[in-house]
Amino acid sequence: MSNAIGGLGRKLISNGIISEQVAQQAADTSESSKSSFISALVDQEGVSSSAVTHFIAADFGLPVFDISSLSTDAIPHEFLKEDLLEQYDAVPIARRGSRLFVAVSDPTDSEALDKYKFTSGLSVEAVIIESAALLDLKKTVQDSSADLAGDLDDSFDLEVDGGEINDDVGDEEGVNETPVVRFVNKLLLDAIKRGASDIHVEPYEKRFRVRFRVDGVLEEVVDPPLSMAGRLTARLKVMSRMDISERRVPQDGRIKLKISKNKAIDFRVNTCPTLFGEKTVLRILDPSSATLGIDALGYEPEQKRLYMEALANPYGMILVTGPTGSGKTVSLYTGLNILNEPGTNISTAEDPAEINLEGINQVNVNPKAGLTFAEALKSFLRQDPDIIMVGEIRDLETASIAIKAAQTGHMVMSTLHTNDAPQTLSRLVNMGVPPFNIATAVSLVIAQRLGRRLCESCKQPDDLPGETLLAEGFREDQLEGLQIYKANGCNKCNNGYKGRVGIYQVMKISEAMGRIIMEGGNAMDIADQAREEDIPDLRESALLKVSQGIMSLEEANRVTKD
């Protein structure tokens with residue numbers, strides 16, 4: 001019994017593109033092989049794939065896409081789902097803002113488009129490509145998703161903490177299998193190429209996923225088989241010099257990836273046991289970020305001047321504050337790199353050291369062995385230091401030693417976890433540091449965030465009413481001639497953004513602020529004084545980046561709040 005010819009087949013017949021016999025054969029083949037009607041049709045002898053494709057596009061009012069112009073690097077990998085690629089002849093090929101473009105050869109397959117709309121949360125638009133080209137594209141992205149290794153050249157060298165990886169370990173879990181090794185190696189390289197700052201390897205009950213944090217936002221990049229979870233995690237632990245037999249407690253490690261003779265990238269690795277296995281997070285540490293120079297970080301001219309003046313002082317304390325991932329380490333190391341000269345003795349205590357700089361004596365604290373921040377500081381002070389950097393002030397003992405060092409002729413740099421610059425001083429008081437010591441030792445406080453830069457190639461003007469801009473924090477005198485921009489999206493960027501820029505509150509500790517601290521004033525009193533001294537807070541600095549066309553208002557709202 002022959003299968004019924006659908007409406008699309010009837011249209012092709014009535015327009016003379018195919019014969020009824022060919023359409024019937026395609027319908028029967030489609031039903032028996034569970035393939036699409038279009039795929040079965042163009043496989044028929046004498047059928048012009050190009051003619052069928054252009055007729056369908058014209059009939060549905062959809063564009064025909066030239067697949068030769070598509071770079072696979074530009075494909076939005078976070079929307080490539082293994083199960084959807086297996087089930088449907090449909091491939092996401094581009095994202096523009098809130099729209100996801102999906103390549104299909106048969107636009108009547110509304111189920112595939114609905115699935116991508118549901119999984120992406122975006123508006124889905126179909127583009128037509130020839131059936132054979134679609135199948136080739138589908139195979140290409142399936143290969144890259146199922147095995148990121150592809151045709152990777154194995155000639156590069158992996159080095160961990162200065163030594164080669166020892167693969168002569170028990171391989172009960174298959175950690176040294178070639179597919180697993182190649183997958184992990186390519187995963188690290190892919191993250192570097194895409195400019196990711198972190199890699200999240202996450203096992204769940206019914207799936208296993210890998211996400212990259214690109215420009216501060218997490219996006220899913222690959223969905224490996226759940227059966228690979230244990231082997232991938234074990235491989236990362238071997239590379240990081242962790243105990244692969246210990247799965248009950250968190251562990252820390254480090255990977256060094258030499259990608260050329262003169263270029264190496266470090267990964268700080270942490271595992272944490274979850275309900276369904278160990279989650280592994282790798283922080284990508286690029287030593288070149290410390291040598292970018294202060295001009296690349298996004299400081300405004302006055303903020304840069306204050307930071308450079310503080311660095312030029314022979315003594316005093318510079319504190320950088322902000323949440324994890326806000327760029328505190330890069331700000332500190334940029335300052336250290338400026339000060340790093342043959343005639344200067346610089347020592348740092350970190351947990352762990354993130355960026356290696358030649359000429360700086362770096363120490364990893366090890367509380368289990370008794371090497372705390374406080375003990376490292378005591379040791380530094382016996383080694384004729386000029387500049388000391390403490391990774392983080394976590395307790396009163398560390399704070400007291402650092403403050404005394406700043407008062408006795410040393411430059412001290414450190415970080416704290418607070419929301420803004422005025423709260424940093426209150427935090428030190430709450431830790432038990434005498435207000436007089438704070439007022440006399442701390443010379444500069446920098447609070448910072450990282451926001452995504454708008455892509456210069458595709459950003460679009462954003463027309464908002466004046467009332468809205470005033471409500472967002474702009475002043476009346478700023479509105480005249482103000483042009484702000486919003487993200488759009490193109491092949492050169494990541495959803496309208498490319499790279500990140502720092503947002504800063506740089507607060508020099510003035511005599512008036514010192515008096516407020518010694519008189520028992522709180523963070524609100526210090527913030528009021530900062531406003532009187534025309535020191536922009538984080539929100540004002542973010543809005544300035546918006547007015548300069550560097551950042552969207554949406555992004556400013558994401559990283560700063562009133």
For the pair Ile199 and Leu188, evaluate side-chain contact (heavy atoms from CB on, under 4.5 Å) and give the outcome as yes or no after the intermediate values.
CA-CA 8 Å; Ile199 305 171; Leu188 303 183; 4.0 Å; yes
Looking only at non-hydrogen atoms, find the nearest pair between [X] and [Y] and report the distance.
X	Y	result
Val180	Arg235	CG1-CB, 3.9 Å
Ile393	Ala399	CG2-CB, 3.6 Å
Ile318	Ser443	CG1-OG, 4.2 Å
Ile129	Ala103	CD1-CB, 4.1 Å

Using 0.5 Å steps for rounding, measure from the [atom1] atom of [X] to the [atom2] atom of [Y].
X	Y	atom1	atom2	result
Ser331	Ile294	OG	CD1	8.0 Å
Glu278	Thr274	CD	OG1	8.5 Å
Lys115	Tyr88	NZ	OH	4.5 Å
Glu456	Cys490	CD	SG	11.0 Å

Counting only N and O atoms by type, is there a donor-acceptor contact under 3.5 Å from the side chain of [X] to the main-chain atoms of [Y]?
X	Y	result
Asn361	Ile346	yes
Lys237	Glu246	yes
Lys545	Leu553	no
Thr424	Asp420	yes
Asn494	Tyr497	no
Asn340	Tyr333	no
Tyr116	Ala90	yes
Arg213	Gly216	yes
Gln448	Ser326	yes
Thr348	Met389	no

Hey, mind stepping through Ile388 and Met413 against side-chain contact (heavy atoms from CB on, under 4.5 Å) and telling me if it holds?
CA-CA 6 Å; Ile388 297 170; Met413 305 171 74; over 6 Å; no
[X] bridged to [Y] by N-O distance under 4.0 Å:
X	Y	answer
Asp215	Lys498	no
Glu220	Arg207	yes
Glu219	Arg194	yes
Lys378	Glu397	yes
Arg209	Asp223	no
Asp351	Arg394	yes

Decide whether [X] and [Y] meet the rule of one side-chain donor and one side-chain acceptor closer than 3.5 Å.
X	Y	answer
Thr280	Thr271	no
Asp252	Asn270	yes
Thr418	Arg427	no
Asn337	Thr334	no

Counting only heavy atoms from other residues, nucleotides and ligands, does the tally under 6.0 Å from CD of Glu554 exceed 12?
no
Got more than 12 heavy atoms from elsewhere within 6.0 Å of NZ, Lys279?
yes
Residues Arg452, Ile550; criterion side-chain contact (heavy atoms from CB on, under 4.5 Å); working and verdict
CA-CA 9 Å; Arg452 293 178 292 174; Ile550 296 172; over 6 Å; no
Go through Met507 and Leu306 one step at a time and tell me if the side-chain contact (heavy atoms from CB on, under 4.5 Å) criterion holds.
CA-CA 8 Å; Met507 188 176 79; Leu306 291 172; over 6 Å; no
Only one of Val320, Leu319, Ile446 forms a side chain to side chain contact (heavy atoms under 4.5 Å, CB included) with Leu332, so which one is it?
Val320
Can you confirm whether [X] sits close enough to [Y] that some side-chain heavy atom of one is under 4.5 Å from a side-chain heavy atom of the other?
X	Y	value
Val506	Leu444	yes
Val201	Val281	no
Phe267	Arg254	no
Lys117	Leu122	no

Which word best sums up how the rings of Tyr299 and Tyr504 line up, parallel for under 30°, tilted for 30 to 60°, or perpendicular for over 60°?
parallel
